Protein chains: 2
Amino acid sequence: MTPERVFQALGDATRRDMMERLTDTALSVSALAAPYDMTLTAVGQHLAILEAAGLIKTEKIGRVRSCAINPAGLEVLEQWTRARRPLWQRRLDNLGDMLDET
Amino acid sequence: MTPERVFQALGDATRRDMMERLTDTALSVSALAAPYDMTLTAVGQHLAILEAAGLIKTEKIGRVRSCAINPAGLEVLEQWTRARRPLWQRRLDNLGDMLDET
DNA sequence: TCAATAATCAAGTTTTAACTTCACTATTAA
DNA sequence: TTAATAGTGAAGTTAAAACTTGATTATTGA
């Protein structure tokens, strides 16, 4: 649940797509895997990364593992952004400071 | 300036640190490179990635390239988050839907 | 004018991430 | 009670990212 993990997790197109597909329903590992041209094992590895980043939570019931969005990961992202936006925005406001102490 | 590039750029600790150091002042490539145990070339490569992601803007004056925050990249991040937060948050609100059509 | 400074380029190497194979366990349905 | 389903684990391969080396260019200060 560190920004490092969240950014890295979302830096991959497959994992971002998985997140989109979980937006309105929980899905099993197999269901998640279906559209991708890769092995179940690979999908499982992607899911482990998403879970470690706090972007999904999973629960195994019987032989099926159900995967669902975990808002905690998104929260980390928002915190990170919120902390920097005011400081970074002001750079745009008062221009002409490109040549400070370089 | 695509989310792909922004996430990938911020997934690296060195690059995130560079962004922090640019928060309150523009810096030259050499100044940025100073604290890191890596070659100037490597630093230049990191900067190219940050610039392609829209996280910094650079300008070369004489032989010095000045690097500064570009809020555009952060903006992309916020847009991405803002679009998903309402949809992802509601999952937490009405629990017990882990076992939908799996 | 010429030596030091600032940065860049092309072409490598190293390290990490993504993915595969194959064997295996547990669960469920016939 | 066994065959199919759902997923996992260990170990390897492939592909991509991070980094280096050894030039080279352009600028500037002495």
Side-chain angles (χ1 to χ4, degrees), chain A residues 2-19 21-22 25-68 73 98-102, chain B residues 2-19 21-22 25-68 73 98-102:
Chain A
T2 163
E4 175 93 6
R5 293 201 170 177
V6 176
F7 285 129
Q8 279 181 0
L10 294 174
D12 182 87
T14 301
R15 288 192 291 261
R16 277 199 312 286
D17 188 63
M18 285 172 167
M19 294 302 290
R21 296 183 44 233
L22 290 175
T25 178
L27 292 171
S28 69
V29 176
S30 307
L32 266 171
Y36 310 120
D37 184 22
M38 71 181 70
T39 62
L40 245 198
T41 302
V43 170
Q45 288 163 352
H46 280 302
L47 292 174
I49 288 167
L50 287 173
E51 187 158 31
L55 287 160
I56 63 168
K57 49 186 165 34
T58 78
E59 190 189 6
K60 192 165 183 178
I61 296 169
R63 61 182 171 181
V64 176
R65 178 172 297 276
S66 183
C67 307
M98 282 279 286
L99 297 179
D100 302 2
E101 53 273 69
T102 58
Chain B
T2 162
E4 175 92 7
R5 293 201 169 177
V6 176
F7 284 128
Q8 279 181 0
L10 294 175
D12 181 88
T14 301
R15 288 192 291 261
R16 276 199 313 285
D17 188 63
M18 286 173 165
M19 293 302 290
R21 297 182 44 233
L22 290 174
T25 178
L27 291 171
S28 69
V29 176
S30 307
L32 266 171
Y36 309 120
D37 184 23
M38 71 180 72
T39 62
L40 245 198
T41 302
V43 170
Q45 288 163 353
H46 280 302
L47 292 174
I49 289 167
L50 287 172
E51 187 157 31
L55 287 160
I56 64 169
K57 50 187 165 32
T58 77
E59 189 188 8
K60 192 163 184 179
I61 296 170
R63 61 181 171 182
V64 175
R65 178 173 297 276
S66 183
C67 307
M98 283 279 286
L99 296 179
D100 301 5
E101 52 272 71
T102 57

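This one's a predicted model, so the numbers in the text were calculated from it and none came from an experiment. All chains are named by letter (A, B, ...) in the order of the sequence lines, taking the proteins before the strands, and each is independently numbered beginning at 1.
One can place CD of B/Glu4 at 12 Å from C1' of D/dA16, the figure rounded to the nearest angstrom. Atom pair B/Leu40:CG and C/dT5:P shows a separation of 13 Å (rounding to whole Å applied). As rounded to whole Å, 14 Å separates atom C1' of C/dA18 from atom CG of A/Leu47. Straight-line distance from the CG atom of A/Leu50 to the P atom of C/dA17: 15 Å, rounded to whole Å. The separation between B/Asp37 atom CG and C/dT15 atom P is 13 Å, rounded to whole Å. With rounding to whole Å, B/Arg15 atom CZ is found 14 Å from C/dT16 atom P. Summarising the geometry, the separation between CD on A/Glu59 and C1' on D/dT8 is reported as 18 Å, rounded to the nearest angstrom. In this structure, CD1 of A/Ile61 is placed 17 Å from C1' of D/dT5, rounded to the nearest angstrom.
Side chain of A/Arg63, nearest nucleotide from C/dC22, C/dA11, D/dA6: D/dA6. Here the nucleotide nearest the side chain of B/Val29, chosen from C/dC22, C/dA17, C/dT8, is C/dT8. Checked against D/dA18, C/dA10, D/dT8, the side chain of B/Thr41 finds its nearest nucleotide in C/dA10. When distances run from any side-chain atom of A/Gln8 to the nucleotides C/dA17, C/dT8, D/dT20, the shortest one goes to C/dA17. Nearest nucleotide to the side chain of A/Thr39, out of D/dC19, D/dT20, C/dT20: C/dT20. Closest to the side chain of A/Asp12, out of D/dA6, C/dT21, C/dA18, is C/dA18.
At a cut-off of 3.5 angstrom, the base of C/dT20 holds at least one donor-acceptor pair with the side chain of A/Gln45.
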Apply the test side-chain contact (heavy atoms from CB on, under 4.5 Å) to residues B/Met38 and B/Thr14: give CA-CA distance (whole Å), side-chain angles for both, the deciding distance (0.1 Å), then the verdict. CA-CA 10 Å; B/Met38 71 180 72; B/Thr14 301; 3.9 Å; yes
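To the nearest 0.5 Å, the span separating CZ on A/Arg63 from OG on A/Ser28 amounts to 11.0 Å. Taking CG of A/Leu10 as the start and CD of B/Glu4 as the end, the distance is 10.5 Å to the nearest 0.5 Å. With rounding to the nearest 0.5 angstrom, the CG atom of A/Leu55 is 12.5 Å from the SG atom of A/Cys67. Rounding to the nearest 0.5 angstrom, the gap separating the NE2 atom in B/His46 from the CE atom in B/Met19 is 13.5 Å.
Counting non-hydrogen atoms under 4.0 angstrom, A/Gly44 reaches nothing in the nucleic acid.
For B/His46, no side-chain nitrogen or oxygen approaches OP1 or OP2 of D/dA17 to under 4.0 Å.
Each of A/Met38 and B/Arg65 has a nearest nucleotide on DNA chain C; the 5'-most of these lies closest to B/Arg65.
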